[in-house]
Colleague: 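First the structure, which I've put down as C-alpha cells, then a few questions once you've had a look.
Sequence lines set the chain letters: A, B, ... in the order given, protein chains first and strands last, and positions in each chain run from 1. Keep in mind it's a predicted model, so treat the numbers as computed, not measured.
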There are 2 protein chains.
Amino acid sequence: MSCMATLKEKGLKLTPQRILITDIIHDARGHLTAGEIIGRVQAKMPGVNKSTIYRTLDILEEAGCVYKSELDNELVYHHDDKGHHHHLKCTQCGKIVDCDETILEPLHNSLIKKYGFHVDFKHMVINGICAECENKNN
Amino acid sequence: MSCMATLKEKGLKLTPQRILITDIIHDARGHLTAGEIIGRVQAKMPGVNKSTIYRTLDILEEAGCVYKSELDNELVYHHDDKGHHHHLKCTQCGKIVDCDETILEPLHNSLIKKYGFHVDFKHMVINGICAECENKNN
DNA sequence: TTTATAATTGCAACAAGGTGCAATAAAGAT
DNA sequence: ATCTTTATTGCACCTTGTTGCAATTATAAA
C-alpha cells in the first residue's frame with residue numbers, strides 16, 4: 001500500500017473516498033474503465049461524486065500509482081505493478097491482444113535519434129486488423 | 001473533387017450540407033478539429049446541426065476521403081491528399097512535431113511477424129517529451 | 001413535372017469527462 | 001479536545017461526441 005504513503009508525501013489528504021478508490025484499483029486484476037470504477041465505488045460508498053473519482057484517478061496517475069490509457073474512446077486505468085504492456089486492438093472484430101513492451105524498443109530508439117523525442121510508451125493502444133480477420137478478408 | 005463522385009457511387013446523396021463540409025476540409029491546409037469544422041460550416045450555413053457534421057465526417061472517413069485522428073482528446077480531421085504522417089506530441093510543453101511515416105515501418109513489420117497483426121498507421125499521435133523539454137529537465 | 005422512396009436532416013436527449021465554487025473535512029498545532 | 005488551515009468534496013453546469021426518431025429532401029422513375 002505504498003500509494004497512500006506516496007500521496008501523504010505529496011501533502012495530499014487521505015480521505016475515505018481516496019482510500020476506497022485506491023483499494024478498488026489494487027484489488028482489480030487487469031484494467032478497469034472509469035465507468036466500472038465509478039460503479040464499484042458507489043456500490044460501497046453511495047453518494048461519491050464522479051468528479052471526485054475522476055480527480056482522484058488523475059492524482060493517482062500523476063503520483064505514478066496508476067496508469068491511464070484509452071480504449072475505445074473510454075479511459076481505462078490499472079495499477080502500477082502489472083508491468084508495462086501494450087494492446088493491439090482489431091478494428092474489425094474488436095478483439096484485443098496484449099503484446100509486450102520490447103516490441104516498441106526500436107521505435108523508441110529511432111525517435112530519440114531522429115527527433116530527440118522521448119516517447120512515453122505505457123500501455124499504448126494500437127489499432128489495426130488481427131491475423132484472423134486478415135485471413136477472412138482474403 | 002472526387003469525394004463527391006465517391007459518395008455518389010456509394011448511393012449517398014449530395015446534400016448542400018455535405019458539399020459544404022467537404023469543401024471546407026478540402027480548402028484547409030493541415031488538420032481541423034471537429035470544433036473548427038463546426039464553426040466554419042455554421043458560419044456559411046447557419047442552422048446546420050452538429051450531429052449532421054459528425055455524421056458527414058464519419059461518412060467521409062469511411063469513404064477514404066478524410067482521415068480522422070485524436071489530438072488532446074479531440075477529434076481532428078484532414079484531407080486525404082496530404083500524405084500520411086504522424087504527430088509527436090510533447091506532454092510537457094504541448095508542442096507537436098510532425099514525423100514521417102517511414103519511422104514506423106520496422107514496428108509495422110515486427111507486429112506482422114510476431115502477431116500477424118496489421119497496424120493501421122495513419123496519422124498516429126504519439127505522446128512523450130520533446131528534445132527541448134528533456135534538456136530543460138536535466 | 002409530378003410522384004415515390006429511401007437517405008438525410010434537425011432535434012432532443014444522452015454519455016463520458018471536466019471545471020469553478022461554496023461547503024466540508026483531514027491533519028497538524030495549540 | 002479544540003482550533004485553524006488548507007485540501008477536498010459535492011454540486012451544478014459545461015463540452016465533445018453519439019443516437020433514436022419524426023420531418024424533410026435528393027434522386028430516379030413515371
Colleague: Should Y54(B) be listed as having a side-chain N or O under 4.0 Å from OP1 or OP2 of dT18(D)?
Modeller: no
Colleague: Does any N or O donor sit under 3.5 Å from an N or O acceptor when you compare the side chain of K13(B) with the base of dA6(C)?
Modeller: yes
Colleague: Among dG20(D), dG10(D), dG18(C), which nucleotide has an atom closest to any side-chain atom of R55(A)?
Modeller: dG10(D)
Colleague: Heavy atoms, side chains only, cut-off 4.5 Å: are T22(B) and M4(B) in contact?
Modeller: yes
Colleague: Check this one for me: any side-chain N or O of R18(A) less than 4.0 Å away from OP1 or OP2 of dT9(D)?
Modeller: yes
Colleague: Taking only side-chain nitrogens and oxygens of T52(A), does any of them come within less than 4.0 Å of OP1 or OP2 of dG10(D)?
Modeller: yes
Colleague: Q17(B) side chain N/O closer than 4.0 Å to the phosphate oxygens (OP1, OP2) of dG10(C)?
Modeller: yes
Colleague: Of all the nucleotides listed (dT9(C), dC11(C), dC11(D)), which has the minimum atom distance to the side chain of N49(A)?
Modeller: dC11(D)
Colleague: Between L7(A) and L60(A), is any pair of side-chain heavy atoms under 4.5 Å apart?
Modeller: yes
Colleague: For the pair made of CE in M4(B) and P in dA26(D), what is the distance, rounded to whole Å?
Modeller: 14 Å
Colleague: Run the side chain to side chain contact (heavy atoms under 4.5 Å, CB included) check on K44(B) and D23(B) step by step: do they pass?
Modeller: CA-CA 11 Å; K44(B) 291 226 171 189; D23(B) 283 352; over 6 Å; no
Colleague: For a 4.5 angstrom cut-off between non-hydrogen side-chain atoms, does C90(B) reach E132(B)?
Modeller: no
Colleague: Figure out the CG/P separation between L57(B) and dT16(D), and round it to whole Å.
Modeller: 14 Å
Colleague: For dT9(C), does OP1 or OP2 lie under 4.0 Å from any side-chain N or O of T15(B)?
Modeller: yes
Colleague: Nearest of dG18(C), dG17(C), dG17(D) to any side-chain atom of A34(B)?
Modeller: dG17(D)
